[in-house]
Visitor: 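Would you mind keeping the following structure in view while I ask a few things?
Just so it is clear, the model here is predicted, and its values are computed rather than measured.
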Amino acid sequence: MLSPGSTIGILGGGQLGRMIAGAAARLGYRSHVFTPDSTSPAGYVTPFVTIAPFNDTAALGRFAAAVDIVTYEFENVPVEAAEFVAAQGRAMLPGPGVLRITQDRLREKDFLRSVDVATTRYREVTSLTALRRAVRDIGPHGVLKTVRLGYDGKGQVMLGPDSDLAEAWKRVGGEVAILEALVDFACEISVIVARNGQGAGATYVPVENQHVNHILDTTIAPARIAPELAMRAEAIARHVAERLDVVGLLAVEMFVTTKGELLVNELAPRPHNSGHWTLDACYTSQFEQLVRAVAGLPLGSTERHSDAVMKNLIGSDVEKWREALADPMAKLHVYDKSEARPGRKMGHVTRLLPRH
Ligand code: AMP
């Protein structure tokens, strides 16, 4: 167990890192943030910050020497940087191998298939000819996605029977891509599971996620699904976390199809936007749970004392912070990002409701 006064290294300086650092501080730990950005939401909440690109091995070495363990708040941290830090003798949790799988949509889906977890049908696409062949296999309704560095709908093209495939191939940048069959879903849900080094696991209740322009807009906790389906979703999340051997957190995003099947869409080995409600509505937030897991502490209760609806403040929405505060049952979180660009997650508001 990591003693109070120890330092947790966090690769990435976004809002997730900011909220991890907050949870770490309450347990008596210091956080050291490694970020390429000179102004970052996480960098404002701790005096220990290294500002350097992820390929700066001298800076990574100094960072590793200054911390006791390392985690990441952003799954697009280059695997080489994670491996370099891990090679300095600091435990990297979850391990770099988890990052390697989850930062590549194709590896991720191949992994899920290898552990008997259902996903939508998909094909690897490496050329326009391969795209035409994949469309013949999968059908005309699909989503073409870059395998790397895509999030919040970036690097995605929806395909229909009238789509110009050459144009779609150009739009994903002509890099390796994945074609997924379009899922006819009733709703989207996610489950966050925590695992510590002893293999003890704990799941949060499945929540329902509503997206606008491919970006998470609202999370409803708990999801409005049948209890039997919720149990299946939690079991899938636990199974995936075990098979990936995650120590830390894993968020598992799933589609609930109109036929009542569960198909896993994406994995994230870190705190997740759809778990922000746990800060205000659960006995242990996802951020505290991550700190407990990586520090080797017993996991806390994932039970909720309230139901909740979390709404993201995207771009200029953050200007409405005064209105959010006018509701006494609303909990406002602002990430202190310098520029409210369209599509940028600037904060969130969680409205607490009596638990059902
Ligand atoms: P992703 O970046 O994979 O999480 O995709 C962002 C959002 O796009 C998802 O949450 C869905 O709303 C939508 N989406 C992605 N892939 C598919 C798919 N295969 N079928 C239907 N909707 C999808």
Visitor: Specify the closest pair of heavy atoms between Ala202 and Gln289, including all atoms of both residues, with the distance to one decimal.
Guide: CB-NE2, 4.4 Å
Visitor: Do Gln286 and His276 have side-chain N/O donor and acceptor atoms under 3.5 Å apart?
Guide: yes
Visitor: Hey, which of Leu216, Val207, Val349 is the one that makes side chain to side chain contact (heavy atoms under 4.5 Å, CB included) with Met310?
Guide: Leu216
Visitor: Going by an N to O cut-off under 4.0 Å, is there a salt bridge joining Glu288 and Arg26?
Guide: yes
Visitor: Indicate the atoms forming the closest heavy-atom contact of Val33 with Gly43, along with that distance.
Guide: CG1-N, 4.5 Å
Visitor: Check Glu180 with Arg123, please: is the shortest side-chain N to carboxylate O separation under 4.0 Å?
Guide: no
Visitor: Do you reckon Leu16 sits in the same ILVMFWY cluster as Val247, going by side-chain contacts under 4.5 Å, direct or chained?
Guide: yes
Visitor: Can you name the closest pair of heavy atoms from Leu244 and Ile101 and give their distance?
Guide: CD2-CD1, 3.8 Å
Visitor: So does Arg90 have more than 12 non-hydrogen atoms from other groups sitting under 6.0 Å from CZ?
Guide: yes
Visitor: What do you reckon, is NZ of Lys337 surrounded by more than 12 foreign heavy atoms closer than 6.0 Å?
Guide: yes
Visitor: Same hydrophobic cluster for Val264 and Leu262, using side-chain heavy-atom links shorter than 4.5 Å among ILVMFWY?
Guide: yes
Visitor: Quick one about Thr46 and His32 (side-chain donor to acceptor, distance below 3.5 Å, no hydrogens or angles considered), yes or no?
Guide: no
Visitor: Among Val252, Thr278, Thr219, Ile192, whose side chain to side chain contact (heavy atoms under 4.5 Å, CB included) with His272 holds?
Guide: Ile192
Visitor: Return the CZ to CG distance between Arg355 and Asp307, rounded to the nearest 0.5 Å.
Guide: 7.0 Å
Visitor: Does any donor atom in the side chain of His333 or Asp280 lie under 3.5 Å from an acceptor atom in the other side chain?
Guide: yes
Visitor: If we ignore angles and hydrogens, is there a donor and acceptor under 3.5 Å between the side chains of Asp110 and Tyr122?
Guide: yes
